[in-house]
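This structure is a prediction, so every number in the text was calculated from the model and none was measured.
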Amino acid sequence: MPHSVTLIHTVAAALGLALALGFLATRLRLPALVGYLLAGVVIGPFTPGFVADAAMASQLAEIGVMLLMFGVGLHFSFGDLLAVRKIAVPGAVVQMMVATALGMALATWWGWSLGGALVFGLSLSVASTVVLLRALETLGILDSYTGRIAVGWLVVEDLAMVLVLVLLPPLAGWLGGGAGVHQPDAAQVWRTLGWTLLQVGGFVALMLVVGRRLFPWVLWQVARTGSRELFTLCVVAAAVGIAFGSAALFGVSFALGAFFAGMVMRESEFSHRAAHESLPLRDAFAVLFFVSVGMLFNPAVLWERPLQVLAVVAIIMVGKTLAAAALVLAFRYPLNTALTVSASLAQIGEFSFILVALGSSLGLLPPEGGSLVLAGALISMALNPLLFHAIAPLQDWLRARSALARRLEQRDDPLAELPMSTDSRYLARQVVLVGYGRVGRRVAHVLSANDIPFVVAEQNRELVESLRADGIAAVFGDAVDPAVLIQAHIARAAMLVIATPDTLNVRQIIGTALTLNPAIETVVRSHSEDEARRLVQECSSTVAFLADEALAQSISRHVLERTQARDARSTAPAPLHGQA
């Protein structure tokens with residue numbers, strides 16, 4: 001059969017079956033990713049019926065990896081990471097070390113080599129970007145501080161895995177790679193490692209110094225043509241071209257090259273448009289990547305090695321979850337934040353599959369290793385939504401039955417209450433401002449300019465420390481917890497302003513405030529007309545501001561003022577001859 005026909009058969013079968021099973025998965029309230037992986041299982045060599053061309057699917061998957069990593073880089077923000085660096089960086093590193101150690105211990109017990117155990121452990125330590133972002137968006141907490149912690153945590157994991165993908169090939173021989181992999185001595189290992197790091201460093205420096213200026217400029221020139229097709233082509237060509245060029249010239253992986261392509265594109269003012277225009281193509285090739293990964297899965301592992309599968313799932317959903325929750329609590333964050341972040345990370349995904357494919361090609365990971373990782377991914381993705389639904393009941397259950405949980409939330413924390421030296425003007429008739437993000441910061445600036453006292457309630461511990469250093473009254477904690485509002489002296493406040501984008505718990509915050517202070521006025525931000533209408537109906541003293549409506553009113557007011565001023569100038573009587 002001609003290769004072109006084989007390609008068409010492979011693409012048609014992969015996309016068609018992925019559509020059907022992805023739709024079925026979403027109807028069952030599972031991530032569509034589960035359906036895509038199952039589609040690969042169906043057309044793979046381990047199940048009867050049609051078998052797709054594995055080599056062809058593997059090459060299509062490489063393009064999928066490039067575009068996936070390009071998307072990760074396009075959304076990567078050093079600013080967002082720096083905002084949560086004190087918890088995300090150490091938390092992610094320690095959690096990855098714990099999960100990797102658990103996986104390595106399990107694989108060593110099974111008799112695997114050092115390299116196989118390391119690849120296996122690392123593949124269980126990193127969560128899926130796609131699953132995490134979709135879950136946070138569904139809950140409406142992606143832009144909340146808890147959501148930013150989870151995303152920042154995942155960004156650190158992604159960066160660590162990019163480094164692993166770079167270092168694994170030169171170290172494969174030393175780690176016990178397959179027969180086709182050269183077995184170097186210690187000196188060769190260090191020379192290879194040094195040369196690899198030098199190449200990567202040169203590539204990174206070139207991209208940060210030249211790429212971040214050159215490629216945004218190219219994107220601007222193409223955008224000036226007004227052609228949508230050329231713009232999309234420029235974005236995709238940059239992603240694939242930089243990935244290929246980085247591999248050919250610097251010896252780095254396609255994944256790293258595509259990641260930095262996205263990073264330099266982010267410097268352009270057209271980064272959001274680039275992300276939007278390339279999204280359909282990225283999604284299509286990402287589906288092909290997940291299907292090709294599913295083709296590697298042998299379903300027989302489920303009944304041939306059921307205890308091993310259960311052990312893998314336990315590491316992903318119990319070991320990682322407990323480690324993440326303990327770390328968040330150790331940084332003195334609320335129980336809800338700990339449960340949400342740990343649930344977000346209780347699955348594995350894209351990088352795990354990339355690492356499994358690389359480990360298999362280097363002869364490090366035994367064949368059953370890939371199947372075990374894929375089995376753990378499928379099961380953890382399927383069960384992950386249930387963990388999110390269990391957060392609220394579990395939190396209530398722990399508070400009711402666990403003295404330790406109550407102590408964790410009520411422990412002596414100097415930032416959880418206002419200092420004794422706080423001026424009395426902040427303790428009565430003040431404004432309680434929940435959230436100090438982009439909106440909250442602007443509200444606080446106006447209040448300060450008009451000498452109106454206010455108290456900030458904020459979940460970002462570092463931000464509360466900074467606010468207090470600047471002389472601003474602030475308490476640390478989640479305003480859903482009544483203790484936080486009590487410490488902000490809500491009982492004697494004149495107004496409550498909820499400026500946080502987390503709309504999930506607005507009703508609970510308002511309910512607590514009204515219980516403690518029935519006469520208080522509340523002001524909230526909302527992104528939905530229906531939500532705003534319900535809030536106003538439930539509480540007559542609540543005023544809800546819609547983001548789009550407020551923007552439209554500001555623009556309309558400016559246009560009206562400028563038009564009236566222009567008309568007034570044009571209709572003013574001309575001065576008489578001789579008058580100044």
Side-chain angles (χ1 to χ4, degrees), residues 77-91 141 143-149 151-152 328 331-334 336-338 341 409-502 505-506 509 512-513 516-517 520 522-525:
S77 169
F78 278 108
D80 291 343
L81 179 59
L82 290 175
V84 294
R85 66 189 183 281
K86 291 186 179 180
I87 180 174
V89 175
I141 60 173
D143 293 327
S144 68
Y145 186 66
T146 298
R148 290 197 293 271
I149 290 177
V151 173
V328 176
F331 280 90
R332 306 181 73 89
Y333 279 85
N336 179 265
T337 300
V341 171
E409 293 200 334
Q410 298 172 3
R411 57 191 166 187
D412 184 20
D413 187 344
L415 297 181
E417 58 185 22
L418 292 176
M420 295 296 293
S421 59
T422 303
D423 194 292
S424 59
R425 66 195 297 261
Y426 297 102
L427 308 180
R429 306 304 299 166
Q430 83 283 14
V431 175
V432 175
L433 177 59
V434 177
Y436 200 78
R438 291 188 298 269
V439 175
R441 191 173 292 111
R442 286 170 171 80
V443 173
H445 178 73
V446 173
L447 294 175
S448 296
N450 290 274
D451 197 29
I452 299 174
F454 64 93
V455 177
V456 176
E458 170 60 50
Q459 295 186 68
N460 186 334
R461 186 180 184 83
E462 291 77 25
L463 184 54
V464 172
E465 291 176 344
S466 176
L467 289 173
R468 291 197 178 184
D470 293 338
I472 297 175
V475 293
F476 163 69
D478 188 351
V480 175
D481 184 0
V484 175
L485 293 180
I486 291 172
Q487 292 300 331
H489 291 258
I490 194 73
R492 302 179 65 189
M495 184 175 293
L496 169 68
V497 178
I498 304 177
T500 174
D502 181 5
N505 298 309
V506 168
I509 296 173
T512 301
L516 298 171
N517 185 350
I520 195 170
T522 56
V523 178
V524 301
R525 60 179 288 193

task = Answer whether the closest heavy-atom distance between the side chains of Arg429 and Arg492 falls below 4.5 Å.
result = no
message = Can you confirm whether Thr522 sits close enough to Ile498 that some side-chain heavy atom of one is under 4.5 Å from a side-chain heavy atom of the other?
response = no
key: Residue pair Ala488 / Val475: nearest heavy atoms and the distance that separates them   = CB-CG2, 4.2 Å
message = Between Ser448 (side chain only) and Ala444 (backbone N and O only), is there a donor and an acceptor less than 3.5 Å apart?
response = yes
key: With Ile490, the side-chain contact (heavy atoms from CB on, under 4.5 Å) member among Leu496, Val434, Val455, Val484   = Leu496
task = Over all heavy atoms of both residues, which pair between Thr422 and Pro419 is shortest? Give the atoms and the distance, please.
result = OG1-O, 2.7 Å
message = Is the shortest side-chain heavy-atom distance between Phe331 and Val328 below 4.5 Å?
response = no
task = Looking only at non-hydrogen atoms, find the nearest pair between Tyr436 and Glu458 and report the distance.
result = N-OE1, 2.8 Å
key: Any donor-acceptor pair under 3.5 Å from Asp470 side chain to Ile472 backbone   = no
ask   = Taking atom OG1 of Thr337 and atom CD1 of Ile149, what is their separation to the nearest 0.5 Å?
value = 5.5 Å
Heavy atoms from other residues, nucleotides or ligands near CZ of Arg441 exceed 12 (cutoff 6.0 Å) = yes
Donor-acceptor contact below 3.5 Å, side chain Asn450 vs main chain Ile452 = no
key: Closest non-hydrogen atom pair between Ala513 and Ile520, with its separation   = O-CG2, 4.2 Å
ask   = Please walk me through it: do Leu418 and Leu427 pass side-chain contact (heavy atoms from CB on, under 4.5 Å)?
value = CA-CA 9 Å; Leu418 292 176; Leu427 308 180; 3.9 Å; yes
note = Tightest non-hydrogen contact, residues Tyr426 and Phe454, listed as CD2-O, 3.5 Å
inquiry  = Within this structure, what is the OG1-CD1 distance for the pair Thr512 and Ile486, rounded to the nearest 0.5 Å?
reply    = 8.5 Å
task = Look at the side chain of Asn460 and the backbone N and O of Leu463, then say whether any donor-acceptor pair between them is shorter than 3.5 Å.
result = yes
key: Backbone of Ala493 reached by a side-chain donor or acceptor of Asn517 within 3.5 Å   = yes
task = Take Arg425 and Gln430 through the test side-chain contact (heavy atoms from CB on, under 4.5 Å) and record every step on the way to the result.
result = CA-CA 7 Å; Arg425 66 195 297 261; Gln430 83 283 14; over 6 Å; no
query = Does Met495 reach the side chain of Val432, with side-chain heavy atoms less than 4.5 Å apart?
reply = no
task = Could you pull out the closest heavy-atom pair between Ala499 and Leu433, with the gap in Å?
result = CB-CD1, 4.1 Å
